Number of protein chains: 2
Amino acid sequence: MIDYSSGVPVTRQVADAIRADINSGRYRPGAWLPSETQLTQIYEVGRDTVRDALALLRAEGRITTVRKRGSRVVDKPSREPYSVPSGARAVTRMPTPEERRDLATPEELREFGGVPEGVPVFEVAPGPRMHRRILRGDRVELIFGDPQDTD
Amino acid sequence: MIDYSSGVPVTRQVADAIRADINSGRYRPGAWLPSETQLTQIYEVGRDTVRDALALLRAEGRITTVRKRGSRVVDKPSREPYSVPSGARAVTRMPTPEERRDLATPEELREFGGVPEGVPVFEVAPGPRMHRRILRGDRVELIFGDPQDTD
DNA sequence: CATCATTTGTCCGTATGTATT
DNA sequence: AAATACATACGGACAAATGAT
């Protein structure tokens, strides 16, 4: 399973394996992953490696981890349209810790201390002199101009 | 420095401290951070904690880590305008491993195996029936409509 | 209410391959 | 060439919180 002579970091190989098992449906959205110690046995690597691999998947937004509970596969997000007018500009980036706190639901704040890892934000300037708005990247879809006829 | 009784994970406290030192200019963009073992002494925590904190900062896109070399502070990206027409739609998310490979420069491919962690992507659909385009979130700024008069 | 097993978080010792000096 | 520094990876251990019994 793991190729130590390939040069590709073991951490990434394990992350790839877990990700493949998520994509294949072996680990389903909303379900808990096997525990870290179980994953060490499944993929036959040390716990450091498993933990680093899980950190990679968290950074990708594929899983979330709750202390003393475990890691679970995140559901595919459903995004709502957000219309922006002509002349608007938008960038995307990872949120600051403050933004992660501000954008989180109470439940997320309790479980993760903020918006989960791996969730980028939109920074939208609707107009040249209008205030920037920070939007959760997993909740909105930007629509430029006329919002109808969107299919 | 570290408050073990606050309930907030030590990992996050260390990440906050390093991030503050980056924001204050103590660690400058492009410069190497102290090594992991040095960081354990500076912030007086174990290696695992330092490594987890660095993983957090990587996920935020604040640092990159090269194997056997160290971690360095990333420069603030300069984004180029990318015009989108009326009716266009855009979402943001973290890239898949394939996208990370495809969007990376040869140098990034060599050093990180792809686009660095913490870089989201735009998924832009210029029109109802037009093919989606994947854009690096750290390189472009979406502009709706006329690209001039952008200040 | 009390107890116990499970889980993640954290610390440590050790070894290794690679890059730099 | 040799030595040093570094991140990566393995293993063991303990603590604190959670959930089930």
Side-chain angles (χ1 to χ4, degrees), chain A residues 1-18 27 31-59 63-74 107-114 116-117, chain B residues 1-18 27 30-59 63-74 107-113 116-117:
Chain A
M1 199 71 119
I2 302 298
D3 182 3
Y4 287 90
S5 62
S6 68
V8 44
V10 184
T11 288
R12 179 130 42 94
Q13 295 186 47
V14 174
D16 290 343
I18 298 177
Y27 305 136
W32 295 98
L33 287 182
S35 73
E36 294 179 351
T37 45
Q38 286 176 323
L39 291 174
T40 63
Q41 299 161 359
I42 293 175
Y43 300 101
E44 296 175 308
V45 291
R47 196 152 89 97
D48 285 5
T49 308
V50 165
R51 288 179 57 78
D52 287 351
L54 294 180
L56 271 177
L57 296 171
R58 272 196 303 273
I63 66 170
T64 56
T65 300
V66 187
R67 301 221 295 177
K68 327 287 181 180
R69 298 279 307 277
S71 299
R72 66 162 88 207
V73 184
V74 308
E107 188 180 8
E108 288 171 335
L109 205 57
R110 192 181 66 241
E111 284 192 332
F112 315 116
E117 282 184 64
Chain B
M1 198 75 120
I2 302 298
D3 182 3
Y4 287 90
S5 63
S6 68
V8 44
V10 184
T11 289
R12 181 129 41 92
Q13 295 187 48
V14 173
D16 290 343
I18 298 177
Y27 305 137
W32 295 99
L33 287 182
S35 73
E36 293 181 350
T37 45
Q38 285 176 323
L39 291 173
T40 63
Q41 299 161 359
I42 294 175
Y43 300 101
E44 296 174 307
V45 291
R47 274 198 326 275
D48 288 5
T49 309
V50 165
R51 287 178 58 75
D52 288 351
L54 293 180
L56 272 177
L57 295 171
R58 272 197 302 274
I63 66 170
T64 55
T65 300
V66 187
R67 299 224 296 175
K68 331 283 185 181
R69 296 278 307 278
S71 299
R72 64 162 91 208
V73 183
V74 309
E107 188 181 9
E108 289 172 336
L109 206 57
R110 192 181 66 244
E111 285 192 331
F112 315 116
E117 284 183 63

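The structure presented is a predicted model; accordingly, all values stated were derived computationally and were not measured. All chains are named by letter (A, B, ...) in the order of the sequence lines, taking the proteins before the strands, and each is independently numbered beginning at 1.
- Counting to the nearest Å, the C1' atom of C:dT10 and the CZ atom of B:Arg12 are 15 Å from each other.
- When every heavy atom of A:Ser6 is checked against every heavy atom of A:Gln13, the shortest pair comes out as OG-NE2, 3.3 Å.
- In this structure A:Ala59 satisfies the side-chain contact (heavy atoms from CB on, under 4.5 Å) test together with B:Ala59, B:Glu117, sequence neighbours excluded.
- Against DNA chain D, the stretch residues 35-48 of chain A makes heavy-atom approaches under 4.0 Å through A:Val45, A:Gly46, A:Arg47, A:Asp48.
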Grab the N/O contacts between the protein and nucleotides 17-19 of chain D below 3.5 Å, and write none if there aren't any.
{"unit_1": "D:dG19", "atom_1": "OP1", "unit_2": "A:Arg69", "atom_2": "NH1", "d": "3.1"}

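- Remark: D:dA1 base-pairs with no nucleotide; criterion is Watson-Crick or G-U wobble with both hydrogen-bond distances under 3.5 Å.
- Distances shorter than 4.0 Å separate some side-chain N or O of B:Thr11 from OP1 or OP2 on C:dT10.
- Taking both residues in full, the closest heavy atoms of B:Leu56 and B:Ala15 are given as CD1-CB, 4.1 Å, listed atom of the first, atom of the second, then distance.
- What you find for B:Ser71 and B:Thr65 is that their closest heavy atoms are OG-OG1, 2.7 Å.
- Between the side chains of B:Glu111 and B:Thr64, no donor-acceptor pair of N or O atoms lies under 3.5 Å.
- The distance from atom CZ of B:Phe112 to atom P of D:dT8 is 12 Å, rounded to the nearest whole Å.
- The two atoms that bring A:Leu54 and A:Ile63 nearest to each other are O-CD1, 3.5 Å, heavy atoms only.
- Rounding to whole angstrom units, CD of residue A:Glu117 and P of C:dT8 are separated by 15 Å.
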Item checked: Worked check of side-chain contact (heavy atoms from CB on, under 4.5 Å) between A:Val66 and A:Trp32 -> CA-CA 10 Å; A:Val66 187; A:Trp32 295 98; 4.3 Å; yes
Item checked: Chi angles and distances behind the side-chain contact (heavy atoms from CB on, under 4.5 Å) call for B:Asp52, A:Arg51 -> CA-CA 9 Å; B:Asp52 288 351; A:Arg51 288 179 57 78; 3.2 Å; yes
